[in-house]
J.: 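I am attaching a structure below and will ask some questions about it afterwards.
Here the structure is a predicted model, which is why all the values come from computation and not from measurement.
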Amino acid sequence: MAYRLISTSKPSFPPLFSITNAISTRNCNSFSPSSILPLFNCKRRKKLRKKLSSPRVKPIASSTPRPLPSLDAIIHRDSLFRFISRTRCFLSHQPLHLISLSAAGKLHRELGFSRGRKPSRFAARHPLLLRIFPHPSPYGPPHLSFTPLMESLLSEEQSIFNASEADRVTLIRKLLMISSGRRIPLAKLHHCRHVLGLPDDFRDRVRKYTDFFRVAVDPDGRHVLELIEWDPALAVSALERDCVADEHRVRRTFKFAIPHGKHLGLDEDDERRMNSLTTLPLISPYTDGSELKPWSVEAEKYRVGVIHEFLSLTVEKRAYIHHIVEFKEEFGLTRHTYHMLLKQPRAFYLAGTEMNWAVFLRDAYNKDGTLIEKGPLVLFEEKLRRYALMKEGEEEAELGVAGAIRV
């Protein structure tokens, strides 16, 4: 009987996990069950929450209420191929196209890998393009170099640059025509050469075209590329060409709200109708925008037109913000560029993080995120990415399939 009394009076304790969870819930903020934050203690929660709110990882506010996953996936793809793209650019300028692994480990910014990681681990992900071998063979220190396949791809890229040199010269002429003063420093063009499809030696190539360009030296020592002759046939923007084909679509692509007094008492529909009636068409980016008032609607339309024309001149009809800001003096941009693009959701799409975000031309992409018009450089980059994802032995299989298709 005593045993029965003792056994029935035994208190029942809740499981240890529920006690820990209750304590953590009482001391910290509550989170959704799907989040992983409740699994950590308060100190780690606070650290992780601070990291997630960092501009490096926090997504940028999109220009449209409905996100476009197909365009967001392009930004994620760029991060996956950052190592191979930067390593290709860096090694192509090195003697014999190689570098020791000990030196490569200190160049995380130049080679595009995470700080503190080993570049050999990243190179192992692309065995068809990169290789590690002792140099001088057979007992020297390990070096990072290109494979013979990568060397052939670089030769193919140079042939594409040679074949499209006339088109790149026209692109630079149009870029100088929309810039203030018709001049751009060569260092800025070199920084944006991959976005514009320019070869690495374009600074030497433009010196051959003395009828179009002149290289001057500023008092501060900068080499500046200047336009010699204005060509009226080139002073036609992409929007003006589209407006000839479909004027109604171009006009409704952009929206510029005209400020008005609040005493009018307009509702949302009447205000939208008034804005559609009073909105003026875009100002051509090939006009002189220095005469416009800095904060007027006309000046904003001019800056929007300049950015639209710049993106239309790029290879993939998109550019990161640091490429656009590089020409802020030449394009007359202000610090409100982000808010200016945010008000044009039908023309531009913003994707990426707050620290590094990109601007897309929405009309240049299909719904699945593919470019409507693909140039030779875009097709070459797609082939390079395919080889970067392949393993050893898969290259022969693809070449065999391609040969069977040709037969």
J.: Could you check whether any side-chain heavy atom of Tyr365 comes within less than 4.5 Å of a side-chain heavy atom of Leu68, counting everything from C-beta outward?
T.: no
J.: Quick one: does Phe360's side chain get under 4.5 Å of Ile75's, heavy atoms only?
T.: yes
J.: Flag the pair Glu329 / Ile184 as yes when at least one side-chain heavy-atom distance between them is below 4.5 Å, and no otherwise.
T.: no
J.: Evaluate the ring planes of Phe83 and Phe113, with Trp represented by its six-membered ring, and classify them as parallel (under 30°), tilted (30 to 60°) or perpendicular (over 60°).
T.: perpendicular
J.: Measuring from Thr253:OG1 to His308:NE2, what's the distance to the nearest 0.5 Å?
T.: 7.5 Å
J.: Only pairs at least two apart or in different chains count here, so list each ring-ring contact (aromatic ring centres under 6.0 Å, His included) that has a residue in residues 84-107.
T.: His97-Phe146
J.: Write down the atom of Leu196, the atom of Leu171, and the distance for their closest heavy-atom approach.
T.: O-CD1, 3.8 Å
J.: How far apart are the closest heavy atoms of Pro134 and Gly140, and which atoms are they?
T.: CB-O, 3.3 Å
J.: Could you give the distance from CD1 (Ile283) to CG (Leu239), rounded to the nearest 0.5 Å?
T.: 12.5 Å
J.: Heavy atoms, side chains only, cut-off 4.5 Å: are His223 and Arg203 in contact?
T.: no
J.: Would you say the side chain of Tyr338 lies within less than 4.5 Å of the side chain of Trp357, judging by non-hydrogen atoms?
T.: yes
J.: If we only count heavy atoms from C-beta on, is the Phe133 to Ser145 side-chain gap below 4.5 Å?
T.: yes
J.: If you compare all heavy atoms of Ile160 against all heavy atoms of Ser164, which two are closest, and at what distance to 0.1 Å?
T.: O-OG, 2.8 Å
J.: Show the nearest heavy-atom pair for residues Ile228 and Phe213, with the distance to one decimal.
T.: CD1-O, 3.1 Å
J.: Is there side-chain contact between His76 and Leu80, with heavy atoms separated by less than 4.5 Å?
T.: yes
J.: Spell out, as yes or no, whether a donor-acceptor pair under 3.5 Å connects the side chain of Ser85 to the backbone of Phe81.
T.: yes
J.: Search all heavy atoms of Leu350 against all heavy atoms of Leu342 and return the closest pair with its distance.
T.: CD1-CD1, 3.8 Å
J.: Counting distance only, does the side-chain N/O of Asp231 pair as donor-acceptor with the main-chain N or O of Ala233 below 3.5 Å?
T.: yes
J.: CZ of Arg207 to CG of Leu186: how many Å apart, nearest 0.5 Å?
T.: 6.5 Å
J.: Would you give the length of the straight line joining atom CZ of Phe161 to atom CZ of Phe380, rounded to the nearest 0.5 angstrom?
T.: 8.0 Å
J.: Could you tell me the separation between the CZ atom of Phe310 and the CD atom of Glu330, rounded to the nearest 0.5 Å?
T.: 10.5 Å
J.: Does anything in residues 111-120 form a side-chain hydrogen bond (donor to acceptor under 3.5 Å, both in side chains)? List the pairs, not counting sequence neighbours.
T.: none
J.: With side chain to side chain contact (heavy atoms under 4.5 Å, CB included) as the criterion, how do Met340 and Thr334 come out once you've worked through the C-alpha distance, each side chain's angles and the decisive distance to 0.1 Å?
T.: CA-CA 9 Å; Met340 179 182 67; Thr334 64; 6.0 Å; no
J.: Answer with yes or no whether the side chains of Glu165 and Tyr209 bring together a donor and an acceptor at under 3.5 Å.
T.: yes
J.: Work out which heavy atom in Ala123 is nearest to a heavy atom in Ile132; give both atom names and the distance.
T.: CB-CD1, 4.4 Å
J.: Indicate yes or no: does Glu151 engage Arg131 in a salt bridge with an N to O separation below 4.0 Å.
T.: no
J.: Would you check if Leu311 and Phe348 make a side-chain contact, meaning some heavy-atom pair closer than 4.5 Å?
T.: yes
J.: Tell me, with the steps shown, if Leu176 and Arg173 meet side chain to side chain contact (heavy atoms under 4.5 Å, CB included).
T.: CA-CA 5 Å; Leu176 290 173; Arg173 293 174 64 189; 5.8 Å; no
J.: Has Arg205 got its NZ or CZ under 6.0 Å from the middle of the six-membered ring of Phe202, at an angle within 45 degrees of the ring axis?
T.: no
J.: Count the heavy atoms of every other residue, nucleotide or ligand shown that sit under 6.0 Å from NE2 of His191, and state whether that count exceeds 12.
T.: yes
J.: Just checking Lys374: does its NZ atom have more than 12 heavy atoms from other residues, nucleotides or ligands closer to it than 6.0 angstrom?
T.: yes
J.: Is a side-chain N or O of Arg241 found less than 3.5 angstrom from the main chain of Val236, in a donor-acceptor match?
T.: yes
J.: I'd like to know if Arg77 pairs up with Glu316 as an ion pair, taking the criterion as any Lys NZ or Arg NE/NH1/NH2 lying under 4.0 Å from an Asp or Glu carboxylate oxygen.
T.: yes
J.: Does any N or O in the side chain of Arg182 come within less than 3.5 Å of the main-chain N or O of Met177, such that one atom is a donor and the other an acceptor?
T.: yes
